[in-house]
Amino acid sequence: MSRFWSAVVHGLTPYVPGEQPRLPNLIKLNTNENPYGPSPRVLEALRAEIGDSLRLYPDPISERLRQAIALRHEVTAANVFVGNGSDEVLAHTFQALLKHDAPVLFPDITYSFYPVYCRLYGIRYREVALTGSFEIDIDDYLQANGGIIFPNPNAPTARLLAQTEIERLLQGSAGSVVVVDEAYVNFGGVSVVPLVSRYPNLLVTHTLSKSRSLAGLRVGYAIGHPVLIEALNRVKDSFNSYPLNRFAQAGAVAAMEDQAYFEDTWHRVVESRQRLVTGLQKLAFDVVPSTANFVFVRHPRYTGAELAAQLRGRGIVVRNFQNPARIASYLRITVGTDAQCEALIGALNEILNGSVASSPSSALS
Ligand SMILES: Cc1ncc(COP(=O)(O)O)c(C=O)c1O
């Protein structure tokens, strides 16, 4: 606390990002990054950006990138807004579209950045409880609201909400903006981007951090009706005209264009997820059905904190949330390569059964 701080700063409880430990040989399964590197075409595009042109500002409206995203999603560039990670896109969305008299609604268990933005921008919000099996029940959202936002699949539960249900919500809440945060949709989920042409109140956000292996580049985007996009641009140009530097724009264009690499890596992650789920179930874990690049699990005999600490002692980092209390017993585990998943299963077997699995891969098969 300091008398130099603006009043709003005293009331902030900032988001705490997952740890980025700098330990050698660590198996890092705590922040839902892709275990595979970016497309070689991305690396080539980044190298090509090194040169004299760095003295010039980048394109403030990221025209090429917005065109590449539009092409991929069969919309127009006027439907696309890009930002420095989808976190920035979401921050602008809260300020531009979700600040009204009625509270914005989001699940009680969800991406914990949402309430942080609300406190930053002075937005009223109401948390809507997920069902006992961690599902979003659309009927609970059909109440007065200043906007609705949820990830699909949800984080950290990994559960997917059916497109028909989202459409029911869009119809039942036509007077306010519905934001579907599709950070994890590209691991077997169904995107609602095609609904944008029919619902002017729908905004869909995506990130290149997960399925396109570019968490380090910081690129995210939103797709919606041009009127919604204009609101985002007004906020962006009142904040930072150049949120995406030359590397981010060039690398992201290459990533959006290399569809074959994208398809190959997300399929590999989904196959590993299936093997990981089977391995965890063999060890008696309760696994919430996942359509994401992570799984949400608990063990009947151990607390989440205990397991996370024991895994860390074995060089494997996963995430455990102590809040809300309802999920404190769970671990959120990013799907790694098969070798990383095998190491995880081997370590869990050792922790739970006090023995080293004779062949870790046999627990996974
Ligand atoms: C649900 C959800 N939305 C958005 C993000 C932000 O992603 P980024 O800022 O890397 O694009 C995350 C990151 O983990 C997330 O879990």
Side-chain angles (χ1 to χ4, degrees), residues 12-39 42-43 46 83-91 110-117 120 151 153-158 181 183-184 186-187 205-221 240 243-245 247-248 251-252 255 265-266 268-269 272-273 276 290 292-297 304-323 327-328 330-344 347-348:
L12 296 181
T13 316
Y15 174 76
V16 182
E19 202 191 348
Q20 296 290 343
R22 293 213 181 94
L23 304 172
N25 303 323
L26 198 73
I27 298 184
K28 192 175 172 307
L29 305 176
N30 66 329
T31 47
N32 300 340
E33 287 132 335
N34 201 305
Y36 304 107
S39 147
V42 169
L43 303 181
L46 294 180
N84 189 295
S86 60
D87 279 341
E88 186 181 82
V89 175
L90 289 167
T110 196
Y111 187 33
S112 49
F113 229 135
Y114 300 162
V116 173
Y117 295 133
L120 176 62
N154 195 6
T157 64
D181 174 351
Y184 300 104
N186 289 331
F187 297 99
T205 61
H206 273 226
T207 177
L208 275 73
S209 299
K210 317 292 180 181
S211 55
R212 286 190 166 82
S213 309
L214 286 174
L217 205 60
R218 310 305 299 130
V219 184
Y221 57 92
N240 178 5
L244 293 194
N245 63 45
F247 293 102
T265 44
W266 81 253
R268 280 158 75 181
V269 170
S272 299
R273 178 179 73 209
L276 175 62
S290 170
N293 68 336
F294 58 90
V295 292
F296 199 52
V297 304
E306 241 174 327
L307 285 177
Q310 294 237 31
L311 283 170
R312 198 188 164 88
R314 288 165 171 80
I316 301 175
V317 195
V318 298
R319 195 132 192 220
N320 167 245
F321 298 90
Q322 285 299 306
N323 279 309
I327 60 168
Y330 283 80
L331 291 178
R332 191 196 69 187
I333 306 174
T334 305
V335 179
T337 60
D338 276 344
Q340 290 174 325
C341 293
E342 281 173 15
L344 170 80
L348 285 171

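The analysis underlying the following values was restricted to heavy atoms, covering all of them including side chains, and did not include hydrogens, waters or symmetry mates. Every value quoted in this text rests on a predicted model; they were computed, and no experiment measured them.
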Without hydrogens or angle criteria, can the side chains of Asn154 and Tyr184 be said to hold a donor-acceptor pair below 3.5 Å?
no
Would you check if there is a donor-acceptor pair between the side chains of Asp338 and Gln340 at a distance under 3.5 Å?
no
Distance in Å, [X] [atom1] paired with [Y] [atom2], rounded so as to fall on 0.5 Å steps:
{"X": "Leu307", "Y": "Asn320", "atom1": "CG", "atom2": "CG", "answer": "9.0 Å"}
{"X": "Thr334", "Y": "Arg332", "atom1": "OG1", "atom2": "CZ", "answer": "5.5 Å"}
{"X": "Thr205", "Y": "Leu90", "atom1": "OG1", "atom2": "CG", "answer": "4.5 Å"}
{"X": "Asn186", "Y": "Thr265", "atom1": "CG", "atom2": "OG1", "answer": "9.5 Å"}
{"X": "Arg218", "Y": "Asp87", "atom1": "CZ", "atom2": "CG", "answer": "5.5 Å"}
{"X": "Ile27", "Y": "Cys341", "atom1": "CD1", "atom2": "SG", "answer": "9.0 Å"}

Would a line drawn from the ring center of Tyr111 to the ring center of Tyr117 be shorter than 6.0 Å?
no
Flag this pair as yes if the NZ/CZ of Arg273 is under 6.0 angstrom from the six-membered ring centre of Phe187 and inside a 45 degree cone about the axis; otherwise no.
no
Does any non-hydrogen side-chain atom of [Y] lie less than 4.5 Å from one of [X]?
{"X": "Leu12", "Y": "Leu120", "result": "yes"}
{"X": "Pro35", "Y": "Val269", "result": "yes"}
{"X": "Leu214", "Y": "Val219", "result": "no"}
{"X": "Asn293", "Y": "Ser211", "result": "no"}
{"X": "Thr337", "Y": "Glu342", "result": "no"}

Contacts of type side chain to side chain contact (heavy atoms under 4.5 Å, CB included), residue Ile327, not counting sequence neighbours:
Ile109, Phe134, Pro156, Phe296, Phe321, Pro324, Tyr330
Can you check side chain to side chain contact (heavy atoms under 4.5 Å, CB included) on Leu344 and Leu276, steps first, answer last?
CA-CA 9 Å; Leu344 170 80; Leu276 175 62; 3.7 Å; yes
Is a donor on one side and an acceptor on the other found under 3.5 Å between the side chain of Ser290 and the backbone of Ala292?
yes
Run the numbers on Leu217 and Leu46 for side chain to side chain contact (heavy atoms under 4.5 Å, CB included), then give the verdict.
CA-CA 10 Å; Leu217 205 60; Leu46 294 180; 4.1 Å; yes
Quick one: do Glu33 and Lys28 make a salt bridge, cutoff under 4.0 Å?
yes
